[in-house]
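Each residue takes its place number in the sequence, starting with 1.
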Amino acid sequence: MRRQDVTPYFSVQLQLLEACNLRCVHCYNAEPPPTRQPPTDEIRRRIDAIYVLGRDLGVLPDIHLSGGEPTLRRDLVELCAYIINDKRGDALLFTNGTRWSERLASELYDAGLRYVQVSLEGPEEQNDAIRGRGVYRAVMETVTMLRAHGF
């Protein structure tokens with residue numbers, strides 16, 4: 001493949017907050033994480049800066065939204081819509097998969113989100129030893145629901 005045949009691309013992982021509803025044994029937040037959460041305007045400013053950089057580089061960036069657990073943000077749907085609809089970009093959401101509802105899935109899908117990465121540590125026994133009892137089953141229910149919504 002010639003270099004000019006490769007589409008310029010880059011992705012940015014944007015941490016939306018430090019808070020999480022789980023206490024995984026491997027997490028870099030060994031102590032209960034602070035509930036620091038940049039305000040919506042600050043997250044929008046960061047998204048704008050990512051797109052300015054992309055424009056300067058001649059590429060349209062992908063933004064990977066992470067946390068903590070991003071579903072703890074009340075403005076998550078708004079932020080996804082801002083990336084996808086206002087910026088005409090693409091987003092991927094990293095989640096532990098334990099806080100989803102039919103309503104949240106529908107709202108995020110309607111906002112244009114199509115890609116969700118749900119974290120697991122392995123089979124049920126291994127996963128729950130790391131992430132907490134019952135997490136594996138909750139995640140599998142979420143994955144089934146997300147697939148039904150078209151993610």
Side-chain angles (χ1 to χ4, degrees), residues 7-51 53-54 59-151:
T7 303
Y9 167 86
F10 79 95
S11 63
V12 175
Q13 185 167 331
L14 179 59
Q15 184 173 343
L16 297 177
L17 71 167
E18 294 181 32
C20 185
N21 59 309
L22 299 181
R23 299 291 173 261
C24 302
V25 296
H26 67 280
C27 186
Y28 51 84
N29 284 321
E31 297 298 316
T35 56
R36 281 181 282 188
Q37 187 171 164
T40 304
D41 289 344
E42 174 59 20
I43 296 294
R44 282 175 171 256
R45 186 195 66 73
R46 294 173 188 184
I47 291 167
D48 291 344
I50 291 166
Y51 281 95
L53 175 61
V59 299
L60 186 62
D62 273 352
I63 298 182
H64 300 180
L65 302 170
S66 70
E69 174 52 36
T71 60
L72 288 168
R73 285 194 71 107
R74 285 185 227 139
D75 60 357
L76 182 60
V77 173
E78 175 187 342
L79 293 172
C80 286
Y82 186 65
I83 293 167
I84 296 163
N85 300 318
D86 295 355
K87 296 296 186 179
R88 301 282 182 239
D90 209 356
L92 166 73
L93 182 66
F94 294 120
T95 178
N96 64 34
T98 61
R99 299 195 71 255
W100 286 76
S101 65
E102 292 282 344
R103 179 179 176 181
L104 179 61
S106 292
E107 289 177 354
L108 284 169
Y109 195 86
D110 290 347
L113 186 70
R114 296 296 182 266
Y115 306 103
V116 177
Q117 179 176 317
V118 180
S119 299
L120 284 174
E121 304 301 331
E124 185 171 3
E125 185 176 316
Q126 179 181 2
N127 182 81
D128 286 2
I130 295 169
R131 292 186 172 259
R133 194 164 144 195
V135 170
Y136 183 89
R137 287 180 190 231
V139 169
M140 296 313 294
E141 289 173 12
T142 296
V143 168
T144 299
M145 178 189 58
L146 291 175
R147 290 189 69 184
H149 278 273
F151 290 93

- Item | Qualifying residues under salt bridge (charged side-chain N to carboxylate O under 4.0 Å, His left out), relative to D86, sequence neighbours excluded | none
- Do R137 and E141 sit within salt-bridge range, that is, some charged N less than 4.0 Å from a carboxylate O? no
- Message: Evaluate H149 against E102 for side-chain contact (heavy atoms from CB on, under 4.5 Å), listing each step before the verdict.
- Response: CA-CA 9 Å; H149 278 273; E102 292 282 344; 2.6 Å; yes
- Nearest heavy-atom approach of L108 to C80 is CD2-SG, 3.7 Å
- Query: Of the non-hydrogen atoms in P70 and L16, which two are nearest, and what is the gap between them?
  - Reply: CB-CD1, 3.9 Å
- Task: With the side chain counted from C-beta on, respond yes when N96 and V139 share a heavy-atom pair under 4.5 Å apart, and no when they do not.
- Result: no
- Please report the C-alpha distance between D48 and Y82 in whole Å, then the side-chain angles of each, then the deciding distance to 0.1 Å, and finally whether the side-chain contact (heavy atoms from CB on, under 4.5 Å) criterion is met. CA-CA 10 Å; D48 291 344; Y82 186 65; 2.4 Å; yes
- Message: Within this structure, what is the CD1-CG distance for the pair I83 and L113, rounded to the nearest 0.5 Å?
- Response: 9.0 Å
- How far apart are the C-alpha atoms of E78 and T40, what are their side-chain angles, what is the distance that settles it, and do they pass the side-chain hydrogen bond (donor to acceptor under 3.5 Å, both in side chains) test? CA-CA 9 Å; E78 175 187 342; T40 304; 4.8 Å; no
- Message: Can you confirm whether I43 sits close enough to R73 that some side-chain heavy atom of one is under 4.5 Å from a side-chain heavy atom of the other?
- Response: yes
- Backbone N or O of G134 within a donor-acceptor pair of the D128 side chain at under 3.5 Å? yes
- Message: Any non-hydrogen side-chain atom of L93 less than 4.5 Å from a side-chain atom of L76?
- Response: yes
- Query: OH of Y115: more than 12 outside heavy atoms within 6.0 angstrom?
  - Reply: no
- E42 atom CD, neighbour heavy-atom count above 12 within 6.0 Å: yes
- Query: Looking only at heavy atoms, which two atoms of L17 and P38 are closest? And how far apart?
  - Reply: CA-CD, 4.5 Å
- Apply the test salt bridge (Lys or Arg N to Asp or Glu O under 4.0 Å) to residues R99 and E69: give CA-CA distance (whole Å), side-chain angles for both, the deciding distance (0.1 Å), then the verdict. CA-CA 9 Å; R99 299 195 71 255; E69 174 52 36; 6.0 Å; no
- Message: Check whether R131 reaches the backbone of L22 with its side chain - one donor and one acceptor, N or O, closer than 3.5 Å.
- Response: no
- Query: Between H64 and Q117, is a side-chain hydrogen bond (donor to acceptor under 3.5 Å, both in side chains) present by the stated rule, with each step listed?
  - Reply: CA-CA 10 Å; H64 300 180; Q117 179 176 317; over 6 Å; no
- Message: Nearest 0.5 Å, please: how far is CD in E18 from CG in L72?
- Response: 12.5 Å
- Between Q126 (side chain) and E121 (backbone), is there a donor-acceptor pair under 3.5 Å? yes
- Task: For side-chain contact (heavy atoms from CB on, under 4.5 Å), just list the numbers for Y51 and I63, CA-CA rounded to whole Å, side-chain angles, deciding distance to a tenth of an Å, and then say yes or no.
- Result: CA-CA 10 Å; Y51 281 95; I63 298 182; 3.5 Å; yes
- Query: Roughly how far apart are L60 CG and D62 CG, rounded to 0.5 Å?
  - Reply: 7.5 Å
- Item | Minimal non-hydrogen separation, G54 against P61, with atom names | CA-CD, 4.2 Å
- Taking the side chain as C-beta and beyond, is there a heavy-atom pair between L146 and V118 under 4.5 Å? yes
- V116 vs W100, side-chain contact (heavy atoms from CB on, under 4.5 Å): CA-CA, chis, key distance, verdict: CA-CA 12 Å; V116 177; W100 286 76; 4.1 Å; yes
- In this structure, OG of S66 is separated from CD of Q15 (nearest 0.5 Å) by 5.5 Å
- Inter-residue atom distance I50.CD1 - K87.NZ, 0.5 Å rounding: 10.0 Å
- Query: Is any side-chain heavy atom of T142 less than 4.5 Å from a side-chain heavy atom of T98?
  - Reply: no
- Establish, for the pair R114 and F151, whether the NZ or CZ atom is under 6.0 angstrom from the six-membered ring centre and no further than 45 degrees off its axis. no
- Answer yes or no: is there a side-chain heavy-atom contact under 4.5 Å between L92 and L65? no
- Task: Please report the closest heavy-atom contact between G68 and C20, naming both atoms and the distance.
- Result: CA-CB, 4.3 Å
